[in-house]
Structure formats: structure tokens, C-alpha cells
Amino acid sequence: MQARLDLFGNALATKLMKHIASAGRAIGESTLPRTTQELVQLRVSQINGCAFCTDMHTKEAARAGETAVRINLVAVWREATVFTGAERAALELAEQGTRIADAAGGVEDGAWERAAEHYDEDQLVALVSLISFMNTVNRLNVMVQTPAGDYQPGQFG
């Protein structure tokens, strides 16, 4: 499979990707726990069917010390006992924020309240931004059909 567009080979795409990457770095440098970030990025990518990002965040989660069990159970986190209350709240917010067009009311108040029980304001900003960020990059990669499988952990910094 070959991508429809090379997002790093076109001058305009490269300029845009630098700005997108900058936003990703700011989120990554937040106080939102790294494990939570990787779990959320993986779950959003799974929902959106983004093969490239699912590959990337599976590998980055392992690199960050996540176990194979936790990585493999992200897609079924509701029934899994291996996630903390904070992680479950983040995954719930990630799912509702990703499926916003499918839900009549968007993100439910209960989901927001559960996340707010575990994260301070800066972390909530990072979490909401991360969910939005991942939905953006997933959509870019799905539209241009970026192939998966070759990502190397740390490839983008």
C-alpha cells in the first residue's frame, strides 16, 4: 500500500505538519501522565480505524513501559480490570469525544465529571487537546491512506 499523498514530501504539507507536531509536543510535555496519553492515543486511533497511528501508539506505549496485556485490552477497557479509575475516565472521555457526531448530546456530563475527579484543569486541557489532536491526525492519515507497520518507536522525536 502506498499513501495517496506524502505528508512530508510536499512543501505545504510539511509546513502544516510542523505546526501539528508542535501542538503534539506541547500536549506531550503536559502533566497528563505519559501512560494515559498513550492509552488515549491508541484508543482514539482504534476507533477511527487509523492503522498508522494504531501501529505507532502500540509501539510507543510498549516503549513507555506498558504491558502487552494493557495494550491489547485498550479496545475493551470497560470489561478489563487492568486500568485505573483515572485511565478509565480518560478512555471514556476519549471515546465520547471521538464519537461526538454519533452522540446526540456530545460528551455526557457524567463522563466529564468522572474525568474532572482525576485530573486538574491543566491536565483536562491536555486531555481534551490530545483527543482533538488525535482525531485530526487520524483523519489525515486515513484520508491519505498512510500505510502501517513500519513505524519505529521515537521516529518523530
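Small disclaimer: the values here were computed from a predicted structure and weren't measured.
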ask   = Is the backbone of F8 close enough, under 3.5 Å, to the side chain of T14 for a donor and an acceptor to pair up by distance?
value = yes
inquiry  = For the NE2 atom of H57 and the CZ atom of R63, what is their distance to the nearest 0.5 Å?
reply    = 12.0 Å
L140 and M17, any side-chain heavy atoms less than 4.5 Å apart = yes
task = Find out whether Q145 and F52 are in side-chain contact, i.e. whether some heavy atom of one side chain is under 4.5 Å from a heavy atom of the other.
result = no
key: Backbone N/O of Q41 and side chain of S45: donor-acceptor pair under 3.5 Å   = yes
ask   = Is the backbone of T31 close enough, under 3.5 Å, to the side chain of Q123 for a donor and an acceptor to pair up by distance?
value = yes
inquiry  = Tell me whether D55 contacts the main-chain N or O of G149 through its side chain, where contact means a donor paired with an acceptor under 3.5 Å.
reply    = yes
ask   = Do you reckon V128 sits in the same ILVMFWY cluster as V40, going by side-chain contacts under 4.5 Å, direct or chained?
value = yes
message = Test salt bridge (Lys or Arg N to Asp or Glu O under 4.0 Å) on E38 and R34; report intermediate values, then the result.
response = CA-CA 6 Å; E38 288 302 335; R34 186 79 209 144; 2.5 Å; yes
request  = Answer yes or no: is there an ion pair linking R114 with E117, defined by an N-O contact shorter than 4.0 Å?
outcome  = no
query = Under a 4.5 Å cut-off applied to non-hydrogen side-chain atoms, are W77 and E92 in contact?
reply = yes
task = Please say whether more than 12 non-hydrogen atoms of neighbouring residues, nucleotides or ligands are located less than 6.0 Å from CD in Q155.
result = yes
task = With rounding to the nearest 0.5 Å, note down the distance linking OG1 in T54 to CD in Q46.
result = 5.5 Å
key: Where E66 and T35 come nearest, the two heavy atoms and their spacing   = OE2-CG2, 2.6 Å
task = Apply salt bridge (Lys or Arg N to Asp or Glu O under 4.0 Å) to the pair R78 and E95, showing each step before the final yes or no.
result = CA-CA 11 Å; R78 289 183 196 297; E95 284 190 359; 3.1 Å; yes
remark   = In terms of heavy-atom contacts, T98 and R139 come closest through O-NH2, 4.3 Å
query = Sub-3.5 Å donor-acceptor pair from the side chain of K59 to the main-chain atoms of Y151, do we have one?
reply = yes
ask   = Can you hop from L5 to L12 via hydrophobic side chains spaced under 4.5 Å?
value = no
task = Might you point out which heavy atoms bring A89 and H118 nearest each other, and give the distance in Å?
result = CB-CD2, 3.9 Å
inquiry  = Quick check for you: to the nearest 0.5 Å, what is the distance between E60 atom CD and I71 atom CD1?
reply    = 10.5 Å
ask   = When you look at R70 and L39, which way does the side-chain contact (heavy atoms from CB on, under 4.5 Å) test go after all the steps?
value = CA-CA 9 Å; R70 283 171 48 94; L39 295 172; 3.5 Å; yes
key: L124 vs W112, side-chain contact (heavy atoms from CB on, under 4.5 Å): CA-CA, chis, key distance, verdict   = CA-CA 9 Å; L124 285 170; W112 183 264; 4.0 Å; yes
key: Close side-chain approach of N138 to V44, heavy-atom, < 4.5 Å   = yes
inquiry  = Please evaluate residues F83 and L73 with respect to the criterion side-chain contact (heavy atoms from CB on, under 4.5 Å), reporting the C-alpha separation (whole Å), side-chain torsions for both, the decisive distance (0.1 Å), and the verdict.
reply    = CA-CA 9 Å; F83 301 105; L73 290 176; 4.1 Å; yes
message = Would the distance check show the side chain of T36 and the main-chain N or O of L32 forming a donor-acceptor pair, the cut-off being under 3.5 Å?
response = no
ask   = Which heavy atom in Q96 sits nearest to a heavy atom in E108, and how many Å separate them?
value = OE1-N, 2.8 Å
ask   = Are V107 and I131 connected in the hydrophobic side-chain network, where two residues link if heavy atoms are under 4.5 Å apart?
value = yes
message = Looking at E29 and A26, would you say the former's side chain and the latter's main chain have a donor-acceptor pair under 3.5 Å?
response = no
ask   = Under a 4.5 Å side-chain heavy-atom rule over Ile, Leu, Val, Met, Phe, Trp and Tyr, are M56 and I20 clustered together?
value = yes
key: Min side-chain heavy-atom separation N141-L7 under 4.5 Å   = yes
ask   = Which distance, rounded to the nearest 0.5 Å, do you find between the OG of S132 and the CD1 of I100?
value = 8.0 Å
query = Can you tell me how far the CG atom of D120 sits from the CG atom of L127, to the nearest 0.5 Å?
reply = 11.0 Å
request  = Measure across Y119 and A86 and return the closest heavy-atom pair with its distance rounded to 0.1 Å.
outcome  = OH-O, 2.8 Å
Validation row: M134, C53 side chains within 4.5 angstrom (heavy atoms) = yes
Close side-chain approach of Q37 and S30, heavy atoms under 4.5 Å = yes
query = Taking side chain as C-beta onward, heavy atoms only, is N10 less than 4.5 Å from D6?
reply = no
ask   = Which heavy-atom pair separates V142 from N48 by the least distance, and what is that distance?
value = CG2-O, 3.8 Å
ask   = How long is the gap from CZ on R99 to CG on N135, to the nearest 0.5 Å?
value = 11.0 Å
